[in-house]
Amino acid sequence: GLASAVEEGYIQRNPCTRITLSAYAAPEQRVLSRHEQDRLRSACLASGNVAVLLGLYCGLRLGEVCALQWADVDRERKTLTIRRTVQRTTQPGGKARTALNVGTPKTIHSRRTIPVPDFLLKQLAEPADASPWIFGCNGPAEPRTLQRRLASLAEELGMENVHFHTLRHTFATRLMELGVDMKTVSVLLG
């Protein structure tokens with residue numbers, strides 16, 4: 001590192017010696033209780049909010065849910081293949097405008113095939129005149145819209161601090177409570 005560079009004579013002094021790092025504690029992630037999870041599941045089934053159920057029972061990221069296509073669903077194998085993700089990015093040119101971009105998942109491990117519970121597979125009924133996108137009409141779903149729907153639903157249920165990532169953490173927590181090993185949890189989460 002820099003200490004070696006000083007010793008070897010490449011630099012006169014280490015420019016980082018007076019830097020002090022503040023202690024940073026990551027905020028604790030919210031996980032739904034089993035009771036909250038059951039209430040949210042019931043509300044989603046009643047309202048047809050499959051996007052939230054995919055986060056809660058498959059551990060999908062918001063961008064992964066938005067980018068799902070009907071071709072990603074394998075009813076025979078009861079699986080879902082994550083091939084793409086959606087994110088909102090700032091457009092070049094210094095303008096504050098943003099655009100929705102479909103891309104590949106962040107890492108090679110994020111591209112994965114995961115099991116889908118039977119009750120959830122039944123909710124993924126493809127309409128006859130369906131767009132290729134499960135949650136969008138002429139393209140992927142807007143992440144902000146799905147996040148707002150979840151926030152509205154959580155507020156109706158009296159649940160605070162529930163975001164799409166909360167669903168993912170809840171999914172991982174339930175797997176660990178069931179004794180699923182960390183490697184398998186990691187693979188399922190991508």
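All values below were derived from every heavy atom in this structure, side-chain atoms included, with hydrogens, water molecules and symmetry-related copies excluded.
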Listed by chain and number, what are the side chain to side chain contact (heavy atoms under 4.5 Å, CB included) partners of K122, not counting sequence neighbours?
none
Using modelled atom types and a 3.5 Å cut-off, is there a donor and acceptor pairing between side-chain atoms of T170 and backbone atoms of L32?
yes
My understanding is that only residues two or more places apart in sequence, or in another chain, count here; which of them pass side chain to side chain donor-acceptor pair (under 3.5 Å) with N101?
T89
Return each pair, listed once, that meets side chain to side chain donor-acceptor pair (under 3.5 Å) where at least one residue sits in residues 51-72; pairs must be two or more places apart or across chains.
Q37-Y57, R61-E64, E64-R112, D72-R83, D72-R84
Output every pair passing ring-ring contact (aromatic ring centres under 6.0 Å, His included) with a member in residues 161-190, not counting sequence neighbours, ordered by first then second residue.
H165-H169
In short, side chain to side chain donor-acceptor pair (under 3.5 Å) pairs touching residues 143-160 with sequence neighbours left out are E142-R144
Under the side chain to side chain donor-acceptor pair (under 3.5 Å) test, residues paired with S110 that sit two or more places apart:
T107
Applying ring-ring contact (aromatic ring centres under 6.0 Å, His included) as the test, list every pair that has at least one member in residues 120-154; sequence neighbours left out.
none
Does anything in residues 30-59 form a salt bridge (charged side-chain N to carboxylate O under 4.0 Å, His left out)? List the pairs, not counting sequence neighbours.
R30-E36, R34-E177
Say you draw a straight line from CD of Q123 to CG of L54; how long is it, rounded to the nearest 0.5 Å?
10.0 Å
Report yes if the side chains of V162 and L150 come closer than 4.5 Å at any heavy-atom pair, otherwise no.
yes
Just jot down the side chain to side chain donor-acceptor pair (under 3.5 Å) partners of S186, sequence neighbours excluded, or say none.
none
Which residues satisfy the side chain to side chain contact (heavy atoms under 4.5 Å, CB included) test with A43, sequence neighbours excluded?
L153, L157
So does Q12 have more than 12 non-hydrogen atoms from other groups sitting under 6.0 Å from CD?
no
By side chain to side chain contact (heavy atoms under 4.5 Å, CB included), D181 pairs with (sequence neighbours left out) K183, T184
Roughly how far apart are T113 OG1 and I82 CD1, rounded to 0.5 Å?
8.0 Å
Value rounded to 0.5 Å, distance of CG in L167 from SG in C58:
11.5 Å
